[in-house]
Amino acid sequence: MFFLFSVVGCSSSQKQTGPSRVSNWAYIPSSIVINPLSRIRTNEDPTKASVIVHIELQDGDGFSCRGVGELLITITSASGNNVDTKTYDLGDPKRNLELFDYVTRTYRIELLTGAEVPFVLVRASFDGGDSKTLRSKEKELINNSTSISN
């Protein structure tokens, strides 16, 4: 006797709605890191160089996670002058989803420097609404373009 079983199923992808703030979730961000994927990208037009910053939020176990709150990125030049400061509302589910790169598990932020620079210093902070604001270590991003002379 021979039996043939067939299983038919339906598949639908889950609607992406982004994270929501809950008070009892154990895996909330407990640290913030500027990921090594961060870099300076130069274009053919030297007035349009940009800084690509990958921000990684990590839970208490050191795993990458998403967060709900306010993300602040600060970029300064070699001389200490402020190049750019931007704030991102990660409490907005649509914005959170737009900025989050699911492959690298980081928030990918691109900021224009306006000109080629030899290096910049990047800092990030995250305020998740609790009493503790997370702050990254300062990270130096070096422009490896051959068009910059020392």
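Because the structure is predicted, anything quoted here is derived from the model rather than measured.
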Exercise. Taking only residues two or more places apart in sequence, or in another chain, which ones meet Phe100 in a ring pair (Phe, Tyr, Trp, His ring centres under 6.0 Å)?
Worked result: Tyr107

Could you work out, with side chain to side chain donor-acceptor pair (under 3.5 Å) as the rule, every residue matching [X], not counting sequence neighbours?
| X | value |
| --- | --- |
| Asp101 | Thr104 |
| Asp61 | none |
| Thr85 | Asn82 |
| Arg123 | Glu138 |

With sequence neighbours excluded, tell me which residues meet side-chain contact (heavy atoms from CB on, under 4.5 Å) with [X].
| X | answer |
| --- | --- |
| Asp89 | Asp92 |
| Ser77 | Ser79, Asn81, Val83 |
| Ile142 | Phe119, Glu140, Asn144 |
| Ser38 | Ile34, Val53, His54, Leu141 |

Can you name the nearest heavy-atom pair linking [X] to [Y], along with the distance?
| X | Y | result |
| --- | --- | --- |
| Pro29 | Phe126 | CG-CE2, 4.0 Å |
| Arg105 | Ser64 | NH2-O, 3.6 Å |
| Gly67 | Asn96 | O-ND2, 2.7 Å |

Would you compute the distance between atom [atom1] of [X] and atom [atom2] of [Y] and round it to the nearest 0.5 angstrom?
| X | Y | atom1 | atom2 | answer |
| --- | --- | --- | --- | --- |
| Ile55 | Ile73 | CD1 | CD1 | 3.5 Å |
| Tyr88 | Glu70 | OH | CD | 12.0 Å |
| Asp127 | Thr133 | CG | OG1 | 4.0 Å |
| Leu72 | Arg135 | CG | CZ | 8.5 Å |

Exercise. Can you find a heavy atom in the side chain of Ile32 that is under 4.5 Å from one in the side chain of Leu71?
Worked result: yes

Seminar exercise, completed: Arg39 meets the salt bridge (Lys or Arg N to Asp or Glu O under 4.0 Å) criterion, sequence neighbours left out, with none

For this session: Would you please name every residue forming a salt bridge (Lys or Arg N to Asp or Glu O under 4.0 Å) with Arg41, sequence neighbours left out?
Result: Glu110

For this session: Report yes or no: do Leu99 and Leu134 belong to one cluster of Ile/Leu/Val/Met/Phe/Trp/Tyr joined by side chain heavy-atom distances under 4.5 Å?
Result: yes

Exercise. Which one of Leu97, Leu57, Asp59, Ile28 satisfies the side-chain contact (heavy atoms from CB on, under 4.5 Å) criterion with Arg66?
Worked result: Leu97

Seminar exercise, completed: For Ile52, the other hydrophobic cluster members (4.5 Å side-chain criterion, sorted by chain and number) are none

